[in-house]
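Notes follow the structure.
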2 protein chains.
Amino acid sequence: MTYPKPAVAVDLALITVFEGKLHCLLMRRHDAETVGGDWAIPGGYVHIEEAIEATARRVLRDKVGMSDVYLEQLFTYGAPARDPRERVISVTHFALVAADQLDQVTAENEDLVLAEIRTDWDGETGGIASAIHPDAGTLTLAFDHAFILGDVVKRLRGKLDYTNVALELLPALFTLRQVQEVYEAILGKQLTKPAFRRKLLDRKSIKPTGKHETGSAFRPAELYTRI
Amino acid sequence: MTYPKPAVAVDLALITVFEGKLHCLLMRRHDAETVGGDWAIPGGYVHIEEAIEATARRVLRDKVGMSDVYLEQLFTYGAPARDPRERVISVTHFALVAADQLDQVTAENEDLVLAEIRTDWDGETGGIASAIHPDAGTLTLAFDHAFILGDVVKRLRGKLDYTNVALELLPALFTLRQVQEVYEAILGKQLTKPAFRRKLLDRKSIKPTGKHETGSAFRPAELYTRI
DNA sequence: AGAATAGTGTCTCTCAGACAGTATCTT
DNA sequence: AAGATACTGTCTGAGAGACACTATTCT
């Protein structure tokens with residue numbers, strides 16, 4: 001006996017830190033009334049012979065125009081009514097990207113915007129997130145995507161202290177101050193500089209390059225790179 | 001346009017600590033030659049109007065005969081050839097149960113056994129696990145289930161120090177020594193008693209009952225319970 | 001009484017936070 | 001030279017591991 005099958009999709013939260021704030025790439029939907037919102041994270045159906053991560057990378061390439069990013073499976077969302085049109089199970093991933101890369105794709109594609117992610121809960125409590133655009137204000141998110149973005153923030157907060165995922169949000173060369181800004185954006189709180197430096201350097205996951213930043217108003221900081 | 005859809009299943013790793021060792025419930029397959037092994041963790045297809053966790057609880061009830069257990073989504077496995085018969089995407093969960101409960105179901109059902117899970121890697125490195133039965137020796141696992149069990153161990157090791165999941169593996173009343181045994185079984189290494197007691201009690205997630213264990217050869221330990 | 005385990009007190013070492021100080025670059 | 005930020009040294013308190021000690025129960 002064969003059962004009717006749910007559809008399987010991959011949704012992709014593209015995360016970056018821009019001007020000291022967590023941001024996410026959103027895609028305009030032209031069917032807002034049927035899916036419950038004007039904006040959504042990019043996604044696509046899993047093809048019958050395609051690995052799940054391959055779907056994620058295809059969505060990244062075809063819908064966003066990027067490749068070679070840090071990608072991680074987050075959670076699989078499958079509430080029967082999460083998509084009002086048909087049963088869709090979403091194997092959701094998140095990607096971590098440096099801000100300059102996302103700037104480029106939003107400039108080239110009218111339907112892609114970068115929105116700030118805000119949460120009104122502390123630590124790893126959990127809950128929904130809201131997306132705020134500098135011009136348009138708070139964006140209405142389709143499906144369960146406000147909930148998904150909340151889960152992304154929660155996961156990132158949890159992984160910060162025992163992994164190096166934060167470095168994926170920075171360009172190839174970066175200052176220690178920039179790393180601290182990424183941590184502060186994700187955790188939503190201030191950190192103390194000396195303790196942060198020590199912890200980061202003790203981890204042996206970055207190394208100094210001897211080069212320094214240019215164009216700074218005052219003393220330029222040394223540039224570091226991933227090991 | 002409609003694409004051919006993959007099937008979606010939920011697989012369920014039922015975990016317990018028995019005689020100081022991590023164990024897992026396995027189900028005998030009668031189609032070993034087509035699925036690559038004699039033993040598998042229980043699973044079932046997601047029905048078209050059924051939430052994913054509801055599938056997990058249905059599998060738990062219908063195939064194992066249990067209810068009211070700690071359940072958590074682990075990962076979604078979707079390699080195209082993981083099931084040689086058809087494309088099946090598995091939203092895998094794990095359940096944590098006290099050993100006495102699993103003892104009961106294996107006694108009642110011939111096709112269910114409790115096998116020890118062993119890993120040959122340290123900490124949270126990751127890798128496959130093997131399943132060892134007291135009489136039958138090493139069991140051959142179907143599909144990617146050796147890999148999945150490895151991921152379960154990895155996840156449990158990671159969650160031990162910042163959650164109370166370990167308490168789900170114990171009966172309603174337990175001694176501090178039993179809690180330490182659970183931690184040691186999961187981590188695969190010895191811990192020191194005074195430090196362990198302090199950390200556990202400082203967490204305020206268990207409380208003493210005033211009762212003591214009976215039938216012990218020597219001084220009986222106090223019984224604690226979850227708060 | 002002796003054996004075995006339950007449970008506790010203390011020392012030390014490591015590590016994170018806080019603060020204050022020094023170094024270096026631009027205007 | 002002044003100002004701003006990069007970077008560092010030191011103090012302190014919290015917490016984990018190691019060890020030794022006391023307490024309690026059964027044979």
Side-chain angles (χ1 to χ4, degrees), chain A residues 19-20 122-124 157-164 166-167 170-171 173-225, chain B residues 19-20 122-124 157-164 166-167 170-171 173-225:
Chain A
E19 292 179 347
D122 289 329
E124 293 173 51
R157 285 184 183 169
K159 292 199 86 164
L160 265 194
D161 41 312
Y162 71 96
T163 66
N164 293 315
L167 300 181
L170 292 164
L173 294 177
F174 50 84
T175 66
L176 297 182
R177 178 74 216 168
Q178 282 179 291
V179 184
Q180 188 170 342
E181 268 170 15
V182 165
Y183 272 75
E184 289 174 342
I186 294 173
L187 295 175
K189 65 174 184 187
Q190 300 288 109
L191 301 173
T192 65
K193 188 163 63 166
F196 183 80
R197 289 177 59 93
R198 260 181 319 202
K199 190 158 58 173
L200 193 62
L201 294 172
D202 285 353
R203 244 188 229 179
K204 308 284 182 203
S205 52
I206 63 172
K207 66 165 191 282
T209 61
K211 298 175 193 164
H212 292 74
E213 58 181 342
T214 57
S216 68
F218 295 99
R219 174 179 177 183
E222 181 162 13
L223 292 168
Y224 286 74
T225 188
Chain B
E19 293 179 345
D122 290 330
E124 293 174 51
R157 285 184 184 170
K159 293 200 85 165
L160 265 194
D161 41 313
Y162 71 96
T163 66
N164 294 316
L167 301 181
L170 292 164
L173 294 177
F174 50 84
T175 67
L176 296 182
R177 177 73 215 169
Q178 283 179 292
V179 184
Q180 188 170 343
E181 268 170 15
V182 165
Y183 272 74
E184 290 174 341
I186 293 172
L187 295 174
K189 67 175 182 186
Q190 300 288 109
L191 301 173
T192 65
K193 186 166 61 166
F196 183 80
R197 289 177 58 93
R198 261 182 317 203
K199 190 161 59 173
L200 193 61
L201 294 173
D202 286 352
R203 245 188 229 179
K204 308 282 183 204
S205 52
I206 63 173
K207 67 166 192 281
T209 61
K211 298 176 194 166
H212 291 74
E213 59 181 342
T214 57
S216 69
F218 295 98
R219 174 179 178 181
E222 181 161 15
L223 292 169
Y224 286 75
T225 188

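Quick note on labels: first sequence line is chain A, next is B, and so on, each numbered from 1. In this text, all values refer to a predicted model and were calculated from it rather than measured experimentally.
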Closest contact, heavy atoms only, B:Gly20 versus B:Ala185: O-CB, 3.4 Å

Between C:dT8 (P) and B:Arg177 (CZ): distance, integer Å: 15 Å

Whole-Å gap separating C1' (C:dG17) and CG (A:Asp161): 16 Å

Rounded distance in Å - CG (B:Leu223) to P (D:dT25): 13 Å

Flag, side chain of B:Glu213 to backbone of B:Ala221, donor-acceptor distance under 3.5 Å: yes

Contact under 4.0 Å: B:Arg197 side-chain N or O vs C:dT8 OP1/OP2: yes

Separation of D:dT8 P from A:Leu201 CG (nearest whole Å): 8 Å

What pairs of nitrogen or oxygen atoms, one from the protein and one from nucleotides 13-17 of chain D, lie under 3.5 Å apart?
from, atom 1, to, atom 2, distance (Å)
D:dG17, N7, B:Arg198, NH2, 2.8
D:dG17, O6, B:Arg198, NH1, 3.4

Interatomic distance, A:Glu222 CD vs D:dA6 P [rounded to whole Å]: 13 Å

Closest non-hydrogen atom pair, A:Gln178 against A:Leu173: OE1-O, 4.3 Å

A:Lys193 NZ - D:dA4 C1' separation (whole Å): 11 Å

Nearest heavy-atom neighbours spanning A:Leu191 and A:Gln180: O-NE2, 3.0 Å

Residues that B:Ala195 engages under side-chain contact (heavy atoms from CB on, under 4.5 Å), provided they are two or more places apart: B:Thr192, B:Arg198

Minimum heavy-atom distance between B:Arg157 and B:Ile186, given as atom pair plus value: NE-O, 2.8 Å

Nucleotide D:dA4, atom P - distance to CD of A:Glu213 in whole Å: 17 Å

Sequence neighbours excluded, every pair satisfying side-chain hydrogen bond (donor to acceptor under 3.5 Å, both in side chains) that has a member inside residues 201-212 of chain A: A:Asn164-A:Arg203, A:Asn164-A:Ser205, A:Tyr183-A:Arg203

Which protein N or O atoms sit under 3.5 Å from an N or O of nucleotides 25-27 of chain C?
from, atom 1, to, atom 2, distance (Å)
C:dT26, O4', A:Ala217, O, 3.4

Degree of bending, the helix from C:dA1-D:dT27 to C:dT27-D:dA1 (end axes from five pairs; round to 10°): 0°

Nearest heavy atoms of B:Tyr224 and B:Ile206, plus distance in Å: CD2-CD1, 3.8 Å

B:Pro208 to B:Glu222 - nearest heavy-atom pair and separation: CB-OE2, 3.3 Å

Under the salt bridge (Lys or Arg N to Asp or Glu O under 4.0 Å) test, residues paired with B:Arg177 that sit two or more places apart: B:Glu181, B:Glu184

Sub-4.5 Å side-chain heavy-atom contact between A:Phe196 and A:Val179: yes

Nucleotide D:dA6, atom P - distance to CZ of A:Phe174 in whole Å: 15 Å

